[in-house]
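For ligands, and for the atoms within them, numbers begin at 1 and follow the listed sequence. Keep in mind that what you see is a predicted model, and the values were worked out from it rather than measured.
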Amino acid sequence: MKNNIKDSKIDISSLSLSELREFVIELSLKLGIKIEKFRAEQIYKWLISGVSEFDEMKNVPLNIRTALKENCYIALPAVEKKFVSKLDGTIKYLFRLYDGECIESVFMRYEHGNTVCISTQAGCRMGCRFCASTISGFSRNLTPSEILGQIVAVSRDTGEKISNVVLMGIGEPLDNFENVLKFLELVNAPEGMNIGYRHISLSTCGIVPNILKLSEKQLPITLSISLHSTTQEERERLMPIAKKYSLKELISACRKYIDNGGRRISFEYAMIENENDSKEDAERLASLLSGMLCHVNLIPLNTVSGRDYRKSGRDAIKRFMNVLESKGIIVTVRRRLGSDIDASCGQLRASKISEN
Ligand code: SAH
């Protein structure tokens with residue numbers, strides 16, 4: 001179901017409040033109709049509340065709604081499927097976008113607040129060997145409104161306040177850099193979702209030039225690096241991006257990020273049996289990160305159908321942790337939420353594509 005008419009219309013939820021104010025003035029001049037200044041705030045509030053049709057904006061007069069309908073569209077992702085975990089209340093969403101593309105988001109309840117894990121691209125072109133998001137290839141970047149819309153739609157569906165956001169769903173955020181930056185501005189806006197930068201984590205497989213560009217922005221978000229390997233050869237085998245930007249360049253960019261005032265970096269390390277979980281790997285990891293303001297998050301690998309990697313056993317994870325801790329590195333092991341609904345991203349989109 002491709003639909004290109006949207007291309008000639010304005011993607012209204014990608015506008016900040018001040019951009020929307022300007023747009024409303026332009027629209028009123030263009031159409032010769034009176035649109036009072038305060039209408040921009042009203043429209044903005046409706047968009048943030050998760051309406052998908054202009055006619056739901058009940059306090060906006062009909063002639064303005066008609067003008068909006070003719071000139072704009074609302075890019076709110078629609079719930080295509082939804083899975084609720086019986087174990088911990090985690091909810092996994094398969095969202096459909098205006099052109100039929102599907103993406104995934106996950107709602108998780110933590111003690112420190114409700115968290116939504118969002119996608120930044122429809123598919124992924126990074127090709128990590130162990131990851132489900134890459135299996136059905138890359139379709140397109142998400143717009144700022146489609147990235148924001150996942151949070152708006154989850155908040156509307158659950159009726160709950162969202163306090164944390166992680167950019168760890170489908171796609172590589174730093175491969176959609178400009179739209180992700182605009183999204184960060186939108187989600188942080190006090191008049192909008194008002195989610196503080198300190199409550200946002202962005203995860204990257206290591207697009208070095210954009211890590212450096214992000215560093216210049218000096219946003220107090222948490223940067224997560226999907227490291228997963230401690231040698232150049234092994235990282236190239238698991239993550240093709242390493243052929244473009246070496247492990248050495250990546251670690252040096254991370255050190256620059258911290259030196260430039262960035263907050264503590266979180267290194268993600270998926271534990272894969274007999275691949276990257278030896279005592280030597282742990283020792284190499286400790287020396288790579290030595291002296292850096294960081295912490296390591298160990299993730300027991302999630303099995304992905306069609307991929308033959310297996311997760312490390314408990315003993316191997318414990319041994320790995322002990323080595324890191326003995327070298328003074330802070331380590332956590334990721335708790336797996338929603339294990340009964342296979343909450344990690346990528347698999348639903350892949351199975352939806354193979355259905356069609
Ligand atoms: N492209 C970004 C965002 C994806 S975040 C990135 O690479 O960081 C998703 C996180 O889950 C990344 O750390 C990714 O490497 C990790 N991941 C992917 N597949 C996994 C799997 N099968 N088991 C455990 N972690 C996985």
Side-chain angles (χ1 to χ4, degrees), residues 92 103-106 108 115-138 141-142 147 150 165-177 179-180 183-184 200-208 210-211 214 221-230 234-235 237-242 244-245 247 250 253-254 257 265-273 275-277 285 294-312 316-317 320 332-339 342-350:
K92 179 158 184 165
I103 51 161
E104 295 170 39
S105 317
V106 184
M108 294 163 284
T115 300
V116 183
C117 175
I118 54 172
S119 297
T120 52
Q121 297 179 312
C124 187
R125 55 180 158 198
M126 296 299 120
C128 299
R129 298 285 311 139
F130 47 82
C131 182
S133 299
T134 211
I135 292 174
S136 39
F138 172 79
N141 281 329
L142 301 192
I147 307 176
Q150 297 166 63
V165 174
V166 295
L167 283 78
M168 292 191 179
I170 297 173
E172 166 52 48
L174 297 188
D175 187 38
N176 184 14
F177 192 60
N179 288 351
V180 164
F183 155 76
L184 291 173
I200 301 175
S201 291
L202 182 153
S203 183
T204 177
C205 63
I207 301 193
V208 168
N210 289 349
I211 294 176
L214 183 67
I221 59 172
T222 298
L223 178 65
S224 290
I225 303 287
S226 299
L227 194 64
H228 308 320
S229 305
T230 57
E234 185 185 63
R235 196 160 197 271
R237 199 164 60 235
L238 288 176
M239 305 177 72
I241 192 71
K244 195 155 184 202
Y245 307 112
L247 180 59
L250 175 59
C254 290
Y257 183 91
I265 293 181
S266 168
F267 286 94
E268 309 295 307
Y269 197 96
M271 299 285 297
I272 312 176
E273 190 177 59
E275 184 71 29
N276 64 0
D277 62 350
L285 182 57
C294 67
H295 98 264
V296 173
N297 194 15
L298 300 177
I299 318 164
L301 186 83
N302 296 314
T303 324
V304 171
S305 54
R307 297 280 148 110
D308 45 10
Y309 294 115
R310 290 182 6 178
K311 73 172 170 196
S312 305
I317 296 178
F320 204 91
T332 47
V333 178
R334 184 178 292 173
R335 193 158 64 95
R336 193 160 176 227
L337 290 182
S339 52
D342 204 0
S344 13
C345 279
Q347 311 241 25
L348 276 183
R349 178 172 192 274

ask   = Minimum heavy-atom separation for Leu298 to Met271, with atom names?
value = CD2-SD, 3.8 Å
Where does ligand 1 get N/O contacts under 3.5 Å from the protein, atom by atom?
from     : atom 1 : to     : atom 2 : distance (Å)
ligand 1 : 1 (N)  : Gly171 : O      : 3.0
ligand 1 : 1 (N)  : Glu172 : OE1    : 2.9
ligand 1 : 7 (O)  : Ser226 : OG     : 3.4
ligand 1 : 8 (O)  : Ser203 : OG     : 2.6
ligand 1 : 8 (O)  : Thr204 : N      : 3.3
ligand 1 : 8 (O)  : Ser226 : OG     : 2.5
ligand 1 : 13 (O) : Ser226 : OG     : 2.6
ligand 1 : 15 (O) : His228 : NE2    : 2.6
ligand 1 : 22 (N) : Phe130 : O      : 3.0
ligand 1 : 22 (N) : Asn302 : O      : 2.9
ligand 1 : 23 (N) : Asn302 : N      : 2.9

query = In terms of side-chain geometry, is the basic nitrogen of Arg125 or Glu172 positioned less than 4.0 Å from the acidic oxygen of its partner?
reply = no
message = Salt bridge check, Glu268 against Arg334: does any charged N sit closer than 4.0 Å to a carboxylate O?
response = yes
Taking every non-hydrogen atom, the tightest pair across Ile147 and Ser119 = CG2-O, 4.0 Å
request  = Using modelled atom types only, decide if a donor and an acceptor are shared between the side chain of Glu104 and the backbone of Gly169 within a distance under 3.5 Å.
outcome  = no
ask   = Do you see a donor-acceptor pair shorter than 3.5 Å between the side chains of Asp175 and Gln121?
value = yes
